[in-house]
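Below is one structure; the comments refer to it alone.
In what follows, every heavy atom counts, from backbone to side chain, and hydrogens, waters and symmetry copies are set aside. No experiment lies behind these values; they were computed from the predicted model shown. So you know, we letter chains A, B, ... as the sequences are listed, proteins then strands, and number each from 1.
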Amino acid sequence: MSLLTLYNNLNTFLYLAAMLFGMGIYGLVTRRTLIGMLIASELILAAASINFMAFNRFTAPDPTVGQIFTLFIMAIAAAEAAIGLSIIIAVYRNYKSIDTEDLVELKG
Amino acid sequence: MNPSMAITEAPGLFTADGLTGLIFLVMMAVTLIGGIISCCAERLVRAVAGLIVCFIGVAALYYFLNSPFVAMMQMLIYVGAVCITIAFAIMLAAPEESKKNGPAGPLSGPLGFITAGLVTIGLIVMAMRAKFTSLPKVSDGTMKEMGIQLLTSYSMVFELISIVLLIAIIGALVIARAGRSK
């Protein structure tokens with residue numbers, strides 16, 4: 001098992017996706033602006049897509065299914081980003097801030 | 001031992017296989033560095049730049065997973081559309097300074113790092129222990145087969161995705177237009 005044949009191993013991709021997922025979680029809990037949290041959630045989606053593609057390449061009997069699923073994840077992520085950003089812009093118009101601590105109108 | 005394809009003995013660095021492995025290592029590093037930049041950078045613009053770097057690395061990983069079409073879509077959709085949209089939103093909505101001091105919440109700081117670290121370690125240990133068996137392939141996963149599958153087995157989902165995207169565009173316009181005069 002050499003370092004140069006890592007790309008032929010399922011576990012490499014699983015570890016990489018786990019690390020990306022961890023970075024996304026870290027960004028999600030530490031960012032204080034809404035856009036930062038959206039960026040972190042994109043990292044989480046990328047990690048999920050990598051897992052799908054890795055299993056698709058190494059274990060699935062039909063390698064088209066994972067690719068199609070990843071394409072659907074991309075489409076959903078694009079829709080989510082568009083809606084999320086327009087909500088963020090609407091929030092900015094009303095509060096003049098996208099800091100999560102300023103959005104406390106519904107807090108009891 | 002989890003499935004791995006065509007394991008041979010270690011190739012030399014300057015053979016075709018060795019250079020492929022080297023490019024893979026570089027792209028893996030690019031992905032991880034981009035991810036670290038995008039979750040730790042202070043300014044949001046730098047975070048978006050890190051996200052772009054990370055997505056380019058992910059596209060290269062897709063290429064290594066035998067899916068050039070998905071790699072191209074990753075570049076087009078994520079790098080070309082989503083990141084640019086986020087950059088526009090930052091220009092429209094993010095006041096550059098407004099650095100508040102003090103902790104942002106109970107989970108920011110070391111506790112957040114511990115949370116993320118535990119999640120990562122848990123996932124890695126789980127992947128290490130799990131056993132996956134490889135099944136015999138029934139197709140090659142080429143672009144042609146993907147097209148056939150998209151228009152036969154998955155045609156319903158395909159149409160639904162287009163409706164979702166249409167509604168998302170209209171909804172985004174409606175939400176962002178309201179209160180434009182303020």
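Results of the side chain to side chain contact (heavy atoms under 4.5 Å, CB included) test with B:L118 over B:T120, B:I114, B:T115 single out B:I114 as the only residue that passes.
A:I39 touches chain B through backbone and side chain together, each having a heavy atom under 4.5 Å away. When heavy atoms are compared at a cutoff of 4.5 Å, B:L61 approaches chain A by way of both its backbone and its side chain. For chain B, the nearby parts of A:A78 are the backbone and the side chain; heavy atoms of each come within less than 4.5 Å. Both the backbone and the side chain of B:L92 come within less than 4.5 Å of a heavy atom in chain A. If you measure heavy-atom distances from B:F113 to chain A, the contacts under 4.5 Å come from both the backbone and the side chain. With a 4.5 angstrom heavy-atom cutoff, B:S162 does not touch chain A via any of its atoms. For A:F72, the parts sitting under 4.5 Å from any heavy atom of chain B are the backbone and the side chain alike.
Between the side chain of B:Q74 and the main chain of B:V70, no donor-acceptor pair closer than 3.5 Å is present. Judged purely by atom type and a 3.5 angstrom limit, B:K137 uses its side chain to pair as donor or acceptor with the backbone of A:A60.
For residues 62-69 of chain B, the interface with chain A (any heavy-atom pair closer than 4.5 Å) comprises B:Y62, B:F64, B:L65, B:N66, B:S67, B:F69, sorted by residue number. Within residues 153-160 of chain B, the residues having any heavy atom less than 4.5 Å from a heavy atom of chain A are, in residue-number order, B:Y154, B:V157, B:F158.
Using the six-membered ring where Trp is involved, A:Y7 and B:F24 have ring planes that are tilted, between 30° and 60° apart.
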